[in-house]
Engineer: 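Have a look at this one before I ask anything.
Counting starts at 1 for both ligands and their atoms, following the listed order. We use all heavy atoms of the structure for the numbers below, so side chains are in, but hydrogens, waters and symmetry mates are not. None of these values were measured; they are calculated from a predicted model.
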Amino acid sequence: MPGPVTDARAYELRERYHAAFGGAELPVPVEAIAEDLEGLRIEQGHEDGLSGMLIPDRRLIWLNGDDVPERRRFTIAHELGHWICQYREGTLKLFYCRPGDVAAAADRAAEREANVFAAELLMPEPAVRAAWTKEPEIAACADRCAVSTEAMHWRLYNLGLVEERPA
Ligand SMILES: [Zn+2]
């Protein structure tokens, strides 16, 4: 069974951004949402076994610069998920995300919640449905949203638009 596919907080975040800054709907401007709307900084580094990190009290998202751009976009959205859904002012908790956490098979509830949020943020359901209707190709829809074909395949599967479960 597909997991939960909706997170209203991702819609709300996107709407707040577009109300303040305007701009095109796709690809979702995830860096600007983090930096200009939420006041977070984004830094890149190199660390084996680490995709991203959220250091809330420094308002910092750390990314692995070795990852491809689509992957880094998903990681930013994932860290925004921790920031919006889980971080509470005053806690000093640090979110440390391995590649397996920023993936469909994540086993920890907090990581799964961040991934649902990220998918929702980067691949708005109405826009994905419209793109799929226009051109029912996973790669074409992935290009529209600037996400990996794997992330788009999961999104389409969870929305019931493709029957084949991603490998
Ligand atoms: Zn995480």
Engineer: Go through the structure and list residues passing salt bridge (charged side-chain N to carboxylate O under 4.0 Å, His left out) with Arg58, not counting sequence neighbours.
Structural biologist: none
Engineer: Taking the Zn ion (ligand 1) as the reference point, name the nearest N/O/S atom of His82.
Structural biologist: NE2
Engineer: Indicate yes or no: at least one non-hydrogen side-chain atom of Leu122 is less than 4.5 angstrom from one of Arg155.
Structural biologist: no
Engineer: So if you build clusters from Ile, Leu, Val, Met, Phe, Trp, Tyr with side-chain heavy-atom gaps below 4.5 Å, do Tyr87 and Ile84 land together?
Structural biologist: yes
Engineer: Quick check for you: with the Zn ion (ligand 1) as the vertex, what angle do NE2 of His78 and SG of Cys97 span, to 10°?
Structural biologist: 110°
Engineer: For Glu135, check salt bridge (charged side-chain N to carboxylate O under 4.0 Å, His left out) against everything at least two apart and list the hits.
Structural biologist: none
Engineer: With carbon and hydrogen excluded and only N/O/S kept, which atom of Glu111 is nearest the Zn ion (ligand 1)?
Structural biologist: OE1
